[in-house]
Amino acid sequence: MHRRTFSVLALSSVAALLAACGASGDGGTTTADGTTNVKIGVIPIVDVAPIYLGIKQGFFTQEKINVTLETAQGGAAIVPGVVSGQYQFGFSNTTSLLLASSQGLPLKAVTSGVASTGDPSKDFGAVVVKADSPIKTAKDLAGKRVAVNTLKNVNTTTVNNVVKKDGGDPSTISYVELPFPDIAAAIAKGDVDAGQLVEPFLTIATGQGNRQVVSNYAGTSPTLPVGMYFTSKNYAGQNPQVVTAFTTAMNKSMEYANAHPDEVRAVLNEYTKIDPAVQKTLVLPKWPTTVDRAAVQQLADLAEQDGLITKKPDLDGLLP
Amino acid sequence: MSVLAIPVDRWRRPALGLLGVVLAAAVVEALPRLGLVDERFLPPFSRMVTGLTEQLALAEFWTALGQTLGGWALGLAIAMIAGVLAGVVIGSVPLLRAITSSTIEFLRPIPSVALIPLVVLIYGSRLPSALILIVYAAFWQVLVQVLYGVADVDPVVRDTARSYRFSRWGVIRSVVWPTTLPYVVTGFRLAAAVALILEITAELIIGVPGLGRSIGVAQSSGAVTETYALVLFVGIIGVAVNGFARAVEKRTLRWHTSVRRDLA
């Protein structure tokens with residue numbers, strides 16, 4: 001009893017102090033003039049440049065949405081944030097959303113987020129090796145050590161897919177989990193034979209003399225929807241008009257980004273520390289405004305093949 | 001502790017400390033220059049310093065520094081107040097002490113970082129997430145010290161005060177507090193360091209605004225020099241926080257035998 005009282009007291013006093021410091025969330029509220037405040041969980045990477053541009057262009061205020069971007073260090077923090085209502089919308093890679101929804105998390109994609117350029121030699125994600133590596137094609141990756149940023153996710157399933165398409169046996173690849181910034185160093189030291197990189201690390205690595213073997217995104221599908229914006233089913237059910245407004249503004253932002261690559265490169269300065277020389281040369285992804293359902297189905301099938309999911313995700317429930 | 005040892009010691013210790021810093025800097029300068037490590041991944045010390053001076057010119061750097069120090073100070077203050085209050089109350093009531101001791105020993109070793117998934121769920125990447133982690137980690141440091149301090153009160157002195165009809169508050173103020181204060185200050189010094197570690201961790205891992213998040217952004221942008229420059233600066237903050245805690249200790253305990261030189 002006393003013990004319980006003590007911990008309850010300790011916790012609630014902390015909670016009270018926190019509440020006094022203004023801890024209560026202000027997301028999801030609507031002001032008198034009909035503007036809705038929304039919080040969006042994003043990762044500070046190239047993929048989300050359109051949302052920064054769209055805010056600057058006023059696409060969100062036109063739709064009466066006041067956006068606050070909250071940067072998380074990884075997608076893993078964003079999905080729970082959206083489910084708990086901390087964020088009203090979030091950005092995540094498509095495979096993570098498929099995994100989450102096959103586990104029964106009530107997520108709803110609202111629009112596309114980022115997709116492959118469709119050009120296998122010039123995509124924003126690819127597998128690279130040292131310049132003098134014997135690995136020449138995707139098939140040669142079989143039996144090698146390949147670094148990826150997350151095991152059992154979009155990068156392993158798509159690398160497996162391109163290796164298989166090229167006639168290699170992907171089950172012989174041993175994957176090593178490393179953060180993107182560490183992969184080029186691991187390739188240089190010989191800790192791994194190859195690594196899957198995305199921009200800006202891809203341009204930095206090839207600039208340092210590494211060679212691109214294959215793009216696992218364009219190699220899987222020319223329109224591969226790598227990431228999407230999503231919300232919780234709960235929020236979507238209660239606020240259909242906000243979801244529509246957000247989707248409209250987001251689609252305008254992505255169209256604008258596709259049409260103004262120079263502005264995309266410039267806006268990177270505002271939320272990343274990418275070297276100016278790399279900013280000019282890195283490969284920008286495509287930002288389609290519709291989700292390619294067939295390609296999402298393909299990602300789901302790949303995830304199932306690799307045993308990431310045992311239950312087929314409900315695409316009708318997940319996709320917009 | 002001869003009389004002669006004091007001036008030499010006073011002169012020698014900072015000099016040796018400085019020499020240690022210079023040597024460490026020289027090693028970090030030499031390793032990449034000699035090609036022992038790849039300088040693309042570990043830039044020489046001089047380049048980190050140049051990177052840091054570039055940072056010092058940016059407004060966003062100072063904003064981030066303010067956020068880091070603000071979160072640290074607020075978290076530390078909450079932990080100090082809660083720890084001292086809980087410690088004095090629990091320590092003064094033997095029954096309460098006996099009842100809570102197993103709970104405290106159970107909760108204390110839980111690493112604060114294990115709470116990250118929980119705080120992300122509740123507060124997302126905002127200041128309260130960092131505060132929970134800081135308060136949880138720093139609270140125990142203070143509480144346990146205060147408990148030891150209260151237990152250290154001389155029972156004869158306390159009973160004397162009671163027989164002179166000191167009120168409960170009077171006993172706490174005149175007997176318990178002076179005995180406990182050195183322990184509180186030790187708790188403060190430990191908590192100050194732990195609070196900084198947790199503030200930076202929360203920023204780096206969760207993305208709470210501050211220097212830790214700047215390190216994370218620099219890292220995910222492939223800006224190697226900038227990453228190291230910021231890490232170097234966080235180290236400097238650590239040294240400063242420790243110096244600050246020691247200064248507080250000296251000032252608060254200037255009457256205490258452990259600090260007074262005239263009694264040595």
Side-chain angles (χ1 to χ4, degrees), chain A residues 1-7 9-11 13-15 17-19 21-25 27 39 41 43-46 70-74 76-78 80-87 179-182 184-186 188-189 197 199-205 208 268 271-275 278-279, chain B residues 37-38 40-42 74 77-79 81-83 85-86 89-90 93 95-96 98-104 106-107 116-118 120-129 131-132 135-136 139 143 203-209 212-214 216-227 230:
Chain A
M1 173 64 193
H2 276 108
R3 191 181 309 193
R4 191 105 158 252
T5 315
F6 165 70
S7 30
L9 269 176
L11 284 174
S13 59
V14 169
L17 280 162
L18 288 174
C21 308
S24 56
K39 284 202 174 134
I43 321 165
I45 52 173
V46 180
E70 299 227 353
T71 52
Q73 280 311 324
I78 297 178
V82 169
V83 172
S84 73
Q86 187 59 52
Y87 309 134
F180 282 128
D182 300 347
K189 274 200 298 179
L197 290 172
E199 292 293 9
F201 298 102
L202 186 55
T203 294
I204 295 173
Q208 289 170 346
L268 292 176
Y271 69 98
T272 74
K273 298 285 174 188
I274 298 171
D275 184 76
V278 178
Q279 263 174 33
Chain B
V37 292
D38 195 325
R40 284 175 311 189
F41 310 124
L42 177 72
L74 187 57
I78 297 171
I81 294 168
L85 286 181
V89 170
I90 295 171
V93 184
L95 179 70
L96 213 52
I99 289 172
T100 55
S101 67
S102 56
T103 312
I104 291 174
F106 171 73
L107 291 175
I116 286 178
L118 184 72
V120 167
L121 209 56
I122 304 174
Y123 293 111
S125 56
R126 291 178 305 136
L127 181 61
S129 292
L131 288 179
I132 299 262
V135 171
Y136 190 86
F139 173 74
L143 177 72
E203 291 167 1
L204 189 55
I205 309 283
I206 311 176
V208 174
R213 187 176 73 173
S214 306
V217 169
Q219 202 188 7
S220 60
S221 301
V224 178
T225 308
E226 191 155 3
T227 309
L230 290 169

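Sequence lines set the chain letters: A, B, ... in the order given, protein chains first and strands last, and positions in each chain run from 1.
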Chain A heavy atoms under 4.5 Å from B/Q219: which part of the residue, side chain, backbone, both or neither?
both
In chain order, what residues pass the side-chain contact (heavy atoms from CB on, under 4.5 Å) check against A/E70, with sequence neighbours excluded?
A/K39, A/Y87, B/S125, B/R126
If you tally heavy-atom pairs under 4.5 Å against chain B, which of A/G41, A/A188, A/P200, A/A185 wins?
A/A185
Which answer fits [X], side chain, backbone, both or neither, if we ask what part of it has an atom under 4.5 Å from a heavy atom of chain B?
X	answer
A/F201	side chain
A/I274	both
A/Q208	both

Write down the atom of [X], the atom of [Y], and the distance for their closest heavy-atom approach.
X	Y	answer
B/I122	A/Q86	O-OE1, 2.6 Å
A/K273	B/A223	O-CB, 3.4 Å
B/S221	A/T272	OG-CB, 3.3 Å

